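Accompanying notes for the structure given below.
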Amino acid sequence: MAEVVVQADRRSEGILINDDWPGYRLDLFNYPAHYSGDLDCVIIPHGVIMDRTERLARNIMDDLGDHDIVVLCVLKGGYQFCADLVERIKALSRNSNHTIPMRVHFIRLRSYLNDQSTEDLHILGAEDLSFLAGKNVLIVEGIVGTGKTMETLLKHVEAFRPKMIKVAGLLVKRVQHSLACIPDYVGFEIPNRFVVGYALDYNEYFRDLNHICVISESGMKKYKV
Ligand code: HPA
Ligand code: MG
């Protein structure tokens, strides 16, 4: 039987969501009733996130299989993506002759207030990353907006002299200027709009929403600080 060749995707591009993509109407899906009126549309349904994550896990396995990796989960926005990605890497590891011994470490960043990126980036839980020396590090981030946060984090991690650093970002925003940092593994490239759900927040709200949605004007007002 002919060997089935699965075509490699163009790795760092991700699924393109165009600026004119209207999204899905909210009433086509289930979502928490406490957010009714706070959202404009579903831009990426949960099931699609899961399917894309499965493919990213395979790309990561193909590239890094047989290496030890330290997964560096960027909290809080990256926790759901990281958990699902690690789960899928584990499943692939069980079912193939590649196997990746993984450690998972958490780092917390905070740079957004309302929908604006603030200048001062706080890195919490990053006091001593010296155990990263000589290791293969996979940084897992929920969303890359301006890329500045990631750039700062990369500099910080590089100082601990890991052997290799790869970045997986579920979402990358299409911003006007070119990004300071483009992840090696991208789930989706999205328009430059403020999105929430799947652990991405607006002032700590909406992490308890499974789909990735666009927040409405009234939602922004309601949860503004
Ligand atoms: N949503 C949530 N958090 C974010 C975003 C966003 O669109 N961009 C950068 N951080
Ligand atoms: Mg946030």
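Bear in mind that the values here come from a model prediction, so they are computed numbers and not experimental data. For the numbers below, each heavy atom of this structure counts, side chains included, while hydrogens, waters and symmetry mates do not. Note that ligands are numbered from 1 as they come in the structure, with each ligand's atoms numbered from 1 the same way.
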Would you call E204-R207 a salt bridge at under 4.0 Å N-O? yes

Between F106 and L75, which heavy-atom pair has the shortest distance, and what is it? CB-CD1, 3.7 Å

Which residue and heavy atom of the protein sit nearest atom 1 (N) of ligand 1, plus the separation: V195 O, 2.5 Å

Here the atoms of ligand 1 under 4.0 Å from any heavy atom belonging to R193 are 7 (O)

Under a 4.0 Å N-O cut-off, is there an ion pair linking K90 with E87? yes

Which atoms of ligand 1 sit under 4.0 Å from any heavy atom of I143? 4 (C), 5 (C), 6 (C), 7 (O), 8 (N), 9 (C), 10 (N)

For atom 6 (C) of ligand 1, what is the closest protein heavy atom, and at what distance to 0.1 Å? F194 CE1, 3.3 Å

Will you find, in the side chains of D63 and Y185, an N or O donor that is under 3.5 Å from an N or O acceptor? yes

Under 4.0 Å between a side-chain nitrogen and a carboxylate oxygen: does that hold for D68 and R103? no

Polar proximity ligand 1 side, V196 side, N/O cut 3.5 Å exclusive: no

Non-hydrogen atom of D201 closer than 4.0 Å to ligand 1: yes

With a cut-off of 2.8 Å, does any N, O or S atom of D201 fall short of it relative to the Mg ion (ligand 2)? yes

Determine whether a donor-acceptor pair (N or O, by modelled atom type, separation under 3.5 Å) exists between the side chain of S218 and the backbone of G37. yes

Starting from atom 8 (N) of ligand 1, find the nearest protein heavy-atom neighbour and note its residue, name and distance. K173 NZ, 3.3 Å

